[in-house]
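Numbering of residues begins at 1 and proceeds along the displayed sequence.
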Amino acid sequence: MALLLSAKPQATPEEIRQALEQGANARLTGQAAKPDYAAGGQYGYGLVDAKASLDALLGR
């Protein structure tokens, strides 16, 4: 979160949340979908991928 805010200080909490969700890496956890709570999963949206989240926030 601090990395994202340092790159875009004017980001809203909703923008940060969305960037973290969009940047989450579900492939590393073997998930079929994001989030995986409905299927009894334990990883939610996946593992945090800082670069992917930063790219999502900055529209790259």
Side-chain angles (χ1 to χ4, degrees):
M1 209 162 114
L3 172 69
L4 299 180
L5 283 172
S6 70
K8 187 176 179 183
Q10 72 277 17
T12 65
E14 181 62 19
E15 288 175 317
I16 298 294
R17 184 187 66 77
Q18 288 178 357
L20 288 171
E21 285 178 7
Q22 292 170 8
N25 189 333
R27 289 175 292 158
L28 294 175
T29 57
Q31 293 171 233
K34 288 183 183 184
D36 70 342
Y37 294 127
Q42 59 184 351
Y43 295 105
Y45 284 86
L47 300 175
V48 173
D49 182 332
K51 174 142 177 30
S53 295
L54 185 60
D55 289 345
L57 180 66
L58 299 178
R60 295 183 191 163

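Nearest approach of S6 to P9, heavy atoms of both residues: O-CD, 4.1 Å. Nearest heavy-atom pair across Q10 and E15 is O-OE1, 4.2 Å.
For E14, the side-chain hydrogen bond (donor to acceptor under 3.5 Å, both in side chains) partners two or more places apart in sequence, or in a different chain, are R17, Q18. Legend: residues meeting side-chain hydrogen bond (donor to acceptor under 3.5 Å, both in side chains) with Q22, ordered by chain and number and at least two apart, are absent.
Taken together through direct or relayed side-chain contacts under 4.5 Å among Ile, Leu, Val, Met, Phe, Trp and Tyr, L20 and L3 form parts of separate hydrophobic clusters.
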N/O donor-acceptor pairs under 3.5 Å from side chains in residues 50-60, not counting sequence neighbours:
from	atom 1	to	atom 2	distance (Å)
K51	NZ	D55	OD1	3.4
K51	NZ	D55	OD2	3.0
S53	OG	A19	O	3.3
S53	OG	D49	O	3.1
D55	OD1	R60	NH1	3.3

